[in-house]
Amino acid sequence: QALSWGLIPTIAMLRGANAARALGRSARAWPPRRCCSAQCLDPASGLPEERAQFHELAKQFADNEMFPFAAEWDAKSHFPVDVLRKSAELGFGGVFVDPDYGGSGLCRQDGAVIFEALASGCTSTTAYLTIHNMCVWMIDTFGNEEQRTNFLPSLCSMEKLSSYCLTEPGSGSDAASLKTTAVRDGDDYVLNGSKAFISGGGVSDLYIVMCRTGADGPKGISCLLVPKDAPGISFGKNEDKLGWKTQPTSAVIFEDCRVPAKYRLGAEGEGFKFAMRGLDGGRVSIATCSLGAAGRCLELASDHVTQRKQFGSPLSSFQNTQFRLADMGTSLLSARLMVRHAARLLDEKDPDATTACAMAKRLATDSGFEICNDALQLFGGYGYLKDYPVERYLRDVRVHQILEGTNEIMR
């Protein structure tokens, strides 16, 4: 039964010394959630009390508002905007944004815990939420006071949605070769070009667009905030994808699209730097989505092999099954530790943070897919059926090895 979210504490209520009282019980008294027998595999294990409460809040939301409906959303290619807005009521629409503009003011380590928990409910929907959070963080970090005031409150509440526009039909991994142009014309820029594979395309209200205002190469790229109703913007069809079916994906097309110059983030030529800074956090966030899916699949597989019998014994009694589960748990925990390490370096503004984010994204998304695939194998033929959720997680995590920088580029 869905929880009544009017009675559930928000992130803001959980901040500070009154956090345990806000939940009505101590975080230390919560029963641990385990995906198999080892407590160290519990994603809340070892967390500071406040961060453990953020995890519990997100996990409750995932279990009650996402997981029971995710199969239907996937089957109908339904984008659950109402559920995203419910998540924003808890503070998940602007996790890293200054509270003065409607955000939660949390750090990357908090976000890694929150998004992993949410992704265990619906990986595809949570992945869109991480992209939206990347966009609002960029506005908060690189925007001016007017831009923050005008855009952030409605984005943090998810009354309005946002999308990140970097990839083009001819520039994927080679992002600095993008061709979309923005030519200054008085108080406006005029955009021409197109973007490909944009999450939220055609539905989002605001698009953060990397475009060329100068010479070839990264130093000629700027960043513009383009509203959905800007004259000259249009959208391609909703792409029919293998996974990520609970969020729309389309081309975004600019034909003499006119945007006020006051919607430019930072100075001309700073766009590529902003894009890469955004992707550092985005890589950690998408890695957490793989962790959430993998953790759920390990939990489901652990339950299945305990109940399923062959040759007169539960599958869990066979050493081969035990070894496979041991490898899955080891891979999950090692990837989680690397992701949280990268998040910490981001918070500390460590010079090695970018490298750590690439390493974490590569490891967690590869491991996440392998764990989901191993879980499907443990389910046997049942795992291949849409009656069981494992195949959906498998389809949803596959793209994580491609987006936010392919894992080949991460290497």
Side-chain angles (χ1 to χ4, degrees), residues 31-46 55 59 62-63 67 70-71 74 116-117 119-124 126 242-244 286-341 359-402 407-408 410-411:
R33 296 180 179 275
R34 301 175 185 171
C35 49
C36 63
S37 59
Q39 187 170 354
C40 66
L41 290 177
D42 178 0
S45 176
H55 172 270
K59 192 66 168 67
D63 288 347
F67 184 74
D74 175 80
E116 179 179 349
S120 72
C122 181
T123 306
S124 169
T126 303
L242 173 70
W244 272 28
I286 208 64
T288 67
C289 289
S290 287
L291 295 177
R296 177 73 79 172
C297 284
L298 178 52
E299 180 180 356
L300 293 168
S302 299
D303 291 343
H304 176 74
V305 298
T306 302
Q307 299 165 13
R308 173 74 168 167
K309 291 185 177 182
Q310 290 288 278
F311 306 103
S313 300
L315 295 181
S316 59
S317 69
F318 300 128
Q319 192 176 55
N320 179 69
T321 303
Q322 296 166 8
F323 283 176
R324 187 184 291 264
L325 290 172
D327 287 344
M328 293 163 71
T330 302
S331 295
L332 175 63
L333 181 56
S334 59
R336 179 183 293 138
L337 292 173
M338 182 167 277
V339 169
R340 293 183 181 180
H341 171 70
M359 293 170 69
K361 191 267 182 184
R362 202 289 300 166
L363 179 67
T365 58
D366 281 349
S367 297
F369 179 79
E370 290 167 3
I371 292 167
C372 293
N373 195 42
D374 284 344
L376 191 152
Q377 189 71 19
L378 287 171
F379 269 84
Y382 294 107
Y384 204 65
L385 302 179
K386 290 193 174 183
D387 300 292
Y388 295 81
V390 174
E391 62 83 30
R392 185 179 72 252
Y393 286 105
L394 180 76
R395 288 187 288 107
D396 283 343
V397 300
R398 179 60 184 87
V399 74
H400 298 178
Q401 296 167 288
I402 300 172
N407 285 4
E408 289 75 18
M410 295 302 95
R411 292 180 175 92

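Both backbone and side-chain heavy atoms feed into the values below; hydrogens, waters and symmetry mates do not. Residue numbers count from 1 along this sequence.
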Give, for atom [atom1] of [X] and atom [atom2] of [Y], the distance between the pair rounded to the nearest 0.5 Å.
{"X": "Ile371", "Y": "Leu291", "atom1": "CD1", "atom2": "CG", "answer": "8.0 Å"}
{"X": "Leu378", "Y": "Leu315", "atom1": "CG", "atom2": "CG", "answer": "8.0 Å"}
{"X": "Thr321", "Y": "Arg308", "atom1": "OG1", "atom2": "CZ", "answer": "11.5 Å"}
{"X": "Cys289", "Y": "Tyr393", "atom1": "SG", "atom2": "OH", "answer": "11.5 Å"}
{"X": "Ser290", "Y": "Glu370", "atom1": "OG", "atom2": "CD", "answer": "11.0 Å"}

Inset, instruction - Mark yes or no for whether Thr306, through its side chain, and Ser302, through its backbone, hold a donor-acceptor pair below 3.5 Å. - result: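 Such a contact is found between Thr306 side chain and Ser302 backbone.
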Legend entry - Which residues share a side chain to side chain donor-acceptor pair (under 3.5 Å) with Thr288, sequence neighbours left out: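 Side chain to side chain donor-acceptor pair (under 3.5 Å) list for Thr288, sorted by chain: empty.
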Inset, instruction - Report the residues that fulfil side chain to side chain donor-acceptor pair (under 3.5 Å) with Thr126, sequence neighbours left out, ordered by chain and then residue number. - result: none
Distance-minimising heavy-atom pair for [X] and [Y]:
{"X": "Ala117", "Y": "Ala62", "value": "O-CB, 3.3 Å"}
{"X": "Val397", "Y": "Cys372", "value": "CG2-SG, 4.1 Å"}
{"X": "Ser334", "Y": "Leu363", "value": "O-CD2, 4.2 Å"}
{"X": "Ala364", "Y": "Val339", "value": "CB-CG2, 3.7 Å"}

Legend entry - Inter- and intrachain pairs under ring-ring contact (aromatic ring centres under 6.0 Å, His included), touching residues 291-318, at least two apart: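 Only His304-Phe379 qualify under ring-ring contact (aromatic ring centres under 6.0 Å, His included).
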Inset, instruction - Determine, for Phe67 and Arg296, whether the Lys NZ or Arg CZ falls below 6.0 Å from the six-membered ring centre while staying within 45 degrees of the axis. - result: yes
Inset, instruction - Check the pair Trp244 / Arg398 against side chain to side chain contact (heavy atoms under 4.5 Å, CB included), numbers first and verdict last. - result: CA-CA 9 Å; Trp244 272 28; Arg398 179 60 184 87; over 6 Å; no
Could you go through residues 324-333 and list every donor-acceptor pair under 3.5 Å that involves a side-chain atom there, pairing it with any protein atom two or more places apart or in another chain?
residue, atom, partner, partner atom, Å
Arg324, NH1, Asp374, OD1, 3.1
Thr330, OG1, Ala326, O, 2.8
Ser331, OG, Asp327, O, 3.1

Legend entry - Side chains of Cys40 and Arg336 in contact at under 4.5 Å (non-hydrogen atoms): no
Inset, instruction - Would you please test Leu242 and Val399 for side chain to side chain contact (heavy atoms under 4.5 Å, CB included) and show each step? - result: CA-CA 9 Å; Leu242 173 70; Val399 74; over 6 Å; no
Using distance only, find each side-chain donor-acceptor pair of residues 385-392 under 3.5 Å and give its atom names and separation, not counting sequence neighbours.
residue, atom, partner, partner atom, Å
Glu391, OE1, Arg395, NE, 2.7
Glu391, OE1, Arg395, NH2, 3.3
Glu391, OE2, Arg395, NH2, 3.3

Legend entry - Neighbour count above 12 (heavy atom, 6.0 Å) for Gln322 CD: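 Result for CD/Gln322: enclosed.
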Legend entry - By side chain to side chain contact (heavy atoms under 4.5 Å, CB included) - contacts of Met410 (at least two apart): Arg283, Ala358, Lys361, Arg362, Asn407
